[in-house]
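The chains referred to below are lettered A, B, ... by the order of the sequence lines, with proteins before strands, and numbering in each begins at 1.
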Protein chains: 2
Amino acid sequence: MGRWDPDARGRLERAALELFAEQGFADTTVPQITERAGLTTRTFFRYFADKREVLFSGEEELRERFIEIIRTAPADLTPVQLIRHGLEAAAETIFQPLLEYLRTWRAIVGSDGALRERALRKQELTIEAVLTVLRERGTDEPAAEMIAKLSNLVLQTAVGRWVAQPVAERPLVAFVEEVFEQLRSTVAGEPVHR
Amino acid sequence: MGRWDPDARGRLERAALELFAEQGFADTTVPQITERAGLTTRTFFRYFADKREVLFSGEEELRERFIEIIRTAPADLTPVQLIRHGLEAAAETIFQPLLEYLRTWRAIVGSDGALRERALRKQELTIEAVLTVLRERGTDEPAAEMIAKLSNLVLQTAVGRWVAQPVAERPLVAFVEEVFEQLRSTVAGEPVHR
């Protein structure tokens, strides 16, 4: 345990997620996490400020990758094409491989009010980051705000439905497309079946 | 102070909001609030669990009023007509008279990460309440989710622009209509000016 471990962070994350899922977030302590990971408490605090941060530390990297997709998208896309391009690419390259992780993560976060609040705040940071890159691309301000917020709405809705599938039959990108179609028909004012 | 005060709650809310705005949320204590309101700390805790709750206790009533508007809306509206009807009525009857309050409230909440998280969670509760009433009206599930989320997006965007006006020239309902138009043109894929 004294030697440098190239995957200490990953081991701590996996141990924490297992314990949160097994016995609940509130009832899990940092010593329990480090014991399961076979690491010291001191190592834990080298990577995370507290047990809550284990659930959110990876988000910044995901956000950066998502922003990069939007930054490098073709310049001639209309706003809705840009969101669609960005979300479909993100679904395939970023989120699809994380299905099991995200399913567990959402169940843990959904079970605790304070974690839920933190997750919503992280969504807002993503909206702000998208807004920044849209401004850099020259999109005007009110349009950029609308695109950034809609992209969050579509992504969150699609991911929610994707992880709720009892068997993971359909890929996330299919849900993204479905939510886009639903957004389009709702906003166009088409009547829905009751 | 010993006698029953019919507006104790309102006095505490006003005193708290003034102090939060003047000296910051973090630096304001419950005794300072009660001193300014001319009431006792004991009275404060009869109404609020802590100083944070002063900023959120009124939201439940606003949410109930908003839900009632949707509950009693004509049955033959399409989803987008229903959101529009609900938000325009809410803008005029619920929010318009609260301009100064909401302006101060948003500045205070925006200045503190934990308050921001709590405010986002309250938005989510509103989305869930709208979802429930839509189900009662017989709207099918995926459509109801989309409508509830879009109504939150439109309302938050419109309120943000409304309170940001340096002089309150235009009513909230005008911003609601403008945001709806922007939503429509964005989703329809119309190019925007750069």
Side-chain angles (χ1 to χ4, degrees), chain A residues 75-84 110 112-125 127 134-135 137-154 156-158 160-161 164 175 178-194, chain B residues 75-84 110 112-125 127 134-135 137-154 156-158 160-161 164 175 178-194:
Chain A
D76 60 345
L77 299 179
T78 66
V80 74
Q81 288 170 335
L82 178 63
I83 314 177
R84 192 161 186 154
D112 183 287
L115 295 178
R116 195 83 202 92
E117 291 185 4
R118 170 60 64 96
L120 290 168
R121 176 70 187 140
K122 295 271 176 170
Q123 285 179 31
E124 220 187 34
L125 293 177
I127 292 173
L134 289 170
R135 282 180 195 135
R137 285 174 59 97
T139 310
D140 73 351
E141 194 57 32
E145 184 186 9
M146 181 61 70
I147 298 163
K149 289 181 173 178
L150 282 176
S151 66
N152 181 59
L153 187 158
V154 170
Q156 294 303 327
T157 304
R161 294 180 189 177
F175 288 92
E178 195 176 274
V179 174
F180 262 113
E181 171 50 27
Q182 203 196 339
L183 173 65
R184 192 203 58 72
S185 65
T186 301
V187 172
E190 292 168 13
V192 289
H193 298 292
R194 300 265 166 120
Chain B
D76 60 345
L77 299 179
T78 66
V80 74
Q81 288 170 335
L82 178 62
I83 314 176
R84 191 158 186 156
D112 182 286
L115 295 179
R116 195 83 200 91
E117 292 186 4
R118 169 60 64 97
L120 290 168
R121 175 71 187 139
K122 295 272 177 173
Q123 285 179 32
E124 222 188 31
L125 292 177
I127 291 173
L134 290 169
R135 282 179 196 137
R137 286 174 58 97
T139 311
D140 73 349
E141 194 57 33
E145 185 185 9
M146 181 60 72
I147 299 163
K149 288 180 173 177
L150 282 175
S151 66
N152 181 60
L153 187 157
V154 171
Q156 294 302 327
T157 305
R161 294 178 189 177
F175 288 92
E178 193 175 275
V179 174
F180 261 112
E181 172 50 27
Q182 203 196 338
L183 173 65
R184 193 203 57 73
S185 66
T186 302
V187 172
E190 292 169 13
V192 291
H193 299 291
R194 301 267 166 115

NZ/NE/NH1/NH2 to OD/OE distance under 4.0 Å, Arg116(A) and Glu117(B): no

Taking atom CG of Leu153(A) and atom CE of Met146(B), what is their separation to the nearest 0.5 Å? 5.5 Å

Atom pair CZ/CD of Arg161(A) and Glu141(B) - distance to nearest 0.5 Å: 8.5 Å

Choice from Lys122(B), Arg118(B), Gln156(B), Gln123(B) maximising heavy atom contacts with chain A below 4.5 Å: Arg118(B)

Val179(A) versus chain B, the contacting section by heavy-atom distance below 4.5 Å: both

Side-chain heavy atoms of Pro142(A) within contact of Glu178(B), under 4.5 Å: no

Is chain B contacted by the side chain of Glu124(A), its backbone, both, or neither, given a heavy-atom distance below 4.5 Å? side chain

Under 4.5 Å from any heavy atom of chain A, what part of Arg84(B) do you find: side chain, backbone, both or neither? neither

If you take all heavy atoms of Thr157(A) and Lys149(B), which pair is closest and at what distance? OG1-NZ, 2.8 Å

For Val80(A) and Thr186(B), work out which heavy atoms get closest and say how close. CB-O, 3.2 Å

Part of Gln81(B) lying under 4.5 Å from any heavy atom of chain A: neither

Under 4.5 Å to a heavy atom of chain A? For Leu82(B) that would be neither

